[in-house]
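Inspection log for the structure reproduced underneath, given as structure tokens.
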Amino acid sequence: MPIDRSKLQLISLAAFLLTYLIIGNILLYRADEFTPVYLPGTLIVGLAGYFAGGIVYDHLYRNSE
């Protein structure tokens, strides 16, 4: 049974956000301008992950019919 579209979109949203926050905080820490957790563009990256999850779902499950 394939995963639901909404679940895949939420998983990809979380993955994009976590990756963005981890990489962004590492870069800020190395630049000695460390402000934990908040990064500009977080909403945009989250939305990109959400839509990327929908595109991946369409590519994997809709085209196999």
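Because the structure is a prediction, the values reported are computed rather than measured. Values below: every heavy atom of this structure, side chains too, minus hydrogens, waters and symmetry copies.
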Shared hydrophobic cluster for F51 and L13 (ILVMFWY, side-chain gaps under 4.5 Å): yes
ILVMFWY network linking L60 to I11, side-chain heavy atoms under 4.5 angstrom: yes
When clusters are formed from ILVMFWY side-chain contacts under 4.5 Å, directly or step by step, what else is grouped with I55? none
For residues 14-23, which side-chain N or O atoms pair as donor and acceptor with protein atoms under 3.5 Å away, sequence neighbours left out?
unit_1 : atom_1 : unit_2 : atom_2 : d
T19    : OG1    : A15    : O      : 2.7
Y20    : OH     : P40    : O      : 2.5

In the structure I gave you, are the side-chain heavy atoms of Y61 and I3 within less than 4.5 Å of one another anywhere? yes
Closest non-hydrogen contact found for S12 with G49 is OG-O, 2.6 Å
I need the minimum non-hydrogen distance between Q9 and Y50, along with the two atoms involved. OE1-OH, 3.2 Å
